Peer 1: 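Submitted below is the structure of interest, expressed as structure tokens.
Remember, predicted model here, so these are calculated numbers, not experimental data. Below, chains carry the letters A, B, ... as their sequence lines are ordered, and counting in each starts from 1.
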Protein chains: 2
Amino acid sequence: MEELAKEGREAFAKMDIKISLKELSATTGVSPSQIRYWEKKGYIKSIQQQKNQSHAYTIHTLMIVLGINHFLKQGYTLSAAYEKQHAQRGVYRALRSLYSRVEKVERKDDGEVLVDLGRLADQPAKHVVAQISPDYQVQLTLKDEN
Amino acid sequence: MEELAKEGREAFAKMDIKISLKELSATTGVSPSQIRYWEKKGYIKSIQQQKNQSHAYTIHTLMIVLGINHFLKQGYTLSAAYEKQHAQRGVYRALRSLYSRVEKVERKDDGEVLVDLGRLADQPAKHVVAQISPDYQVQLTLKDEN
DNA sequence: TCTTTTTGTCAAATTATTTGACAAAGATAT
DNA sequence: ATATCTTTGTCAAATAATTTGACAAAAAGA
């Protein structure tokens, strides 16, 4: 029963990965032309060290693009789709904060993975633990302090 | 109180994003020379459509690189570090399966985010819900079926 | 219809990446 | 110590990928 390397957990939750315009487009299904126009209009941002160098986009921006596209497909105008998406700001960072607070990840010898999600607010002696079987079925259980 | 676009949740959990060698190196702190050598030795893989085209690495490979590097820094040889890391295989996919089974994500008007993590295995009427405040403090609670 | 918004296409210029060869450092065995 | 194998660094030429801006064209709004 071995504990997972901390770096991996952090990288997984932090996700400060940068991707190219091409990859952003491929992952979201939004065309490069659209992405560049949206950036020109100020709806999304990219990182570019110097002119002519390639643009880098964060996962956060990926989420914004997915959000805008989601509402675009529902018939909203671009600016309305942006506003709709903007009303959900903070959700992904909230998910990240949930995932990054995972206290312990263990892999048992039989391949089962135990993820300690932390204490219950109103029963601090009890931890919520996810048991994930080798075929990736998840069960949530309560476990007493150990 | 608006529900989060499904695409975003899925993309977040799925993470079938591809990154460049440069980005893999920047994110992990492992040099491009190392990464290419490890690939030559068969410890990691990359996607290359045709010769001379750029290599793409998945987030899964990013995790493997972090794992190998973790044990390398502890003094293991490269092959031993790989084996150590390999013994943890399945952990990240397990985490992914945990995150992707999230049933509902809501953002309340006051900015609080509610994440329904699903039912307790032994009390199926109760759901584990994470309440995440606007300053990203997380509280786990049990809620009855609604 | 006229105008504005939004997206597509293209080519030249620039930047980024691959590839392979070789050097060099580090580890291991004799 | 010496020789050998493993591992990483450096470099330059070839190739690929990206940016940029201009313009067209489609879509939406007035």
Side-chain angles (χ1 to χ4, degrees), chain A residues 7 16-59 61-62 64-86, chain B residues 7 16-59 61-62 64-86:
Chain A
E7 294 96 325
D16 55 352
I17 297 165
K18 293 191 261 326
I19 61 178
S20 68
L21 170 58
K22 188 182 175 187
E23 180 61 19
L24 176 60
S25 172
T27 308
T28 60
V30 176
S31 75
S33 291
Q34 288 177 287
I35 291 168
R36 296 203 344 211
Y37 181 68
W38 298 1
E39 182 170 356
K40 185 182 167 190
K41 298 289 285 184
Y43 298 134
I44 57 175
K45 289 177 185 170
S46 73
I47 300 158
Q48 187 186 37
Q49 310 278 1
Q50 300 188 57
K51 173 149 176 162
N52 287 332
Q53 286 187 343
S54 61
H55 295 241
Y57 300 84
T58 64
I59 304 301
T61 297
L62 166 62
I64 295 177
V65 169
L66 282 171
I68 295 176
N69 194 230
H70 172 77
F71 293 113
L72 263 191
K73 285 192 290 191
Q74 290 191 0
Y76 291 92
T77 67
L78 178 57
S79 64
Y82 171 77
E83 292 303 333
K84 278 283 210 177
Q85 174 281 325
H86 188 64
Chain B
E7 295 96 323
D16 55 351
I17 297 165
K18 294 189 259 327
I19 61 177
S20 68
L21 170 58
K22 188 181 173 187
E23 180 60 19
L24 177 60
S25 172
T27 308
T28 60
V30 176
S31 76
S33 291
Q34 288 176 287
I35 291 168
R36 292 194 348 184
Y37 182 69
W38 298 0
E39 182 170 357
K40 185 182 167 190
K41 298 289 285 183
Y43 298 134
I44 57 175
K45 288 177 184 170
S46 72
I47 299 157
Q48 188 186 38
Q49 310 279 1
Q50 300 188 57
K51 173 149 175 163
N52 287 333
Q53 287 186 342
S54 62
H55 296 241
Y57 300 84
T58 64
I59 304 302
T61 297
L62 166 62
I64 295 177
V65 169
L66 282 171
I68 295 176
N69 194 231
H70 173 77
F71 293 114
L72 264 191
K73 284 192 292 190
Q74 290 191 359
Y76 291 93
T77 66
L78 178 57
S79 63
Y82 171 76
E83 292 303 334
K84 278 282 210 178
Q85 175 280 323
H86 188 64

Peer 1: Under 3.5 Å, side chain of B/Q48 to main-chain N/O of B/H55, donor-acceptor pair present?
Peer 2: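 No, B/Q48 side chain to B/H55 backbone: no donor-acceptor pair under 3.5 Å.
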Peer 1: Mind checking ring-ring contact (aromatic ring centres under 6.0 Å, His included) for B/Y82 and listing every partner two or more places apart, or none if nothing turns up?
Peer 2: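 Applying ring-ring contact (aromatic ring centres under 6.0 Å, His included) to B/Y82 gives B/Y43, B/H86.
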Peer 1: Give every pair of a protein N or O atom and an N or O atom of nucleotides 6-12 of chain C that lie under 3.5 Å apart, one pair per line with the distance.
Peer 2:
unit_1	atom_1	unit_2	atom_2	d
C/dT6	OP2	A/Y37	OH	3.1
C/dT7	OP1	A/Q34	NE2	3.0
C/dT7	OP2	A/W38	NE1	2.8
C/dG8	OP2	A/S31	OG	2.3

Peer 1: In whole angstroms, how far is the P atom of D/dT7 from the NZ atom of B/K73?
Peer 2: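 My rounded result for the distance is 18 Å.
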Peer 1: How far apart are the closest heavy atoms of B/A81 and B/Y76, and which atoms are they?
Peer 2: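 Where B/A81 meets B/Y76 most closely, the heavy atoms are N-CB, 4.0 Å.
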Peer 1: Under 4.0 Å from OP1 or OP2 of D/dT18: is there any side-chain N or O of B/K22 that close?
Peer 2: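 So the side-chain polar atoms of B/K22 never come under 4.0 Å of the phosphate oxygens OP1 or OP2 of D/dT18.
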Peer 1: Quick one: which of C/dT18, C/dT17, C/dT15 gets closest to the side chain of B/H55?
Peer 2: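 Nucleotide nearest to B/H55's side chain: C/dT18.
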Peer 1: Please state whether the phosphate of D/dT18, meaning OP1 or OP2, lies under 4.0 angstrom from any side-chain nitrogen or oxygen of A/K51.
Peer 2: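 No, outside the criterion.
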Peer 1: Only one of B/D16, B/I17, B/I47 forms a side-chain contact (heavy atoms from CB on, under 4.5 Å) with B/T58, so which one is it?
Peer 2: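 One option only clears the test, and that one is B/I47.
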Peer 1: Whole angstroms only, please: what is the CD-P distance between B/E39 and D/dT7?
Peer 2: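 The answer, rounded to whole Å, is 16 Å.
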Peer 1: Taking A/Q34 for the side chain and A/S31 for the main chain, is one N or O donor matched with an acceptor at less than 3.5 Å?
Peer 2: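 The answer is yes, because a donor-acceptor pair under 3.5 Å joins these two groups.
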Peer 1: Take the protein atom CD of A/Q53 and the nucleotide atom P of D/dA17, then report the distance between them rounded to whole Å.
Peer 2: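 Going from A/Q53 (CD) to D/dA17 (P), I get 18 Å.
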Peer 1: To the nearest Å, give me how far apart CD1 (A/I19) and P (D/dT18) are.
Peer 2: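 The answer, rounded to whole Å, is 12 Å.
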Peer 1: Without swapping roles, check the side chain of A/T28 against the backbone of A/V65 for a donor-acceptor pair under 3.5 Å.
Peer 2: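 Looks like no, no N/O pair under 3.5 Å.
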Peer 1: Testing the 3.5 Å rule here: is there a donor-acceptor pair between the side chains of B/Y57 and B/E39?
Peer 2: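 Side-chain D/A pair, B/Y57 to B/E39: present.
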Peer 1: How many whole angstroms separate atom CD1 of A/I47 from atom C1' of D/dT18?
Peer 2: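 From A/I47 CD1 to D/dT18 C1': 16 Å.
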Peer 1: Write down the distance between CD (B/Q48) and P (D/dT15), rounded to a whole number of angstrom.
Peer 2: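 Interatomic distance, CD of B/Q48 to P of D/dT15: 14 Å.
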Peer 1: A/E23 has an atom CD; how far is it from atom P of D/dT18, in whole Å?
Peer 2: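 Spelled out: CD on A/E23 to P on D/dT18 is 10 Å.
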Peer 1: What is the separation between atom CG on A/N52 and atom C1' on D/dG21, rounded to the nearest whole Å?
Peer 2: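 Roughly 11 Å, once rounded to whole Å.
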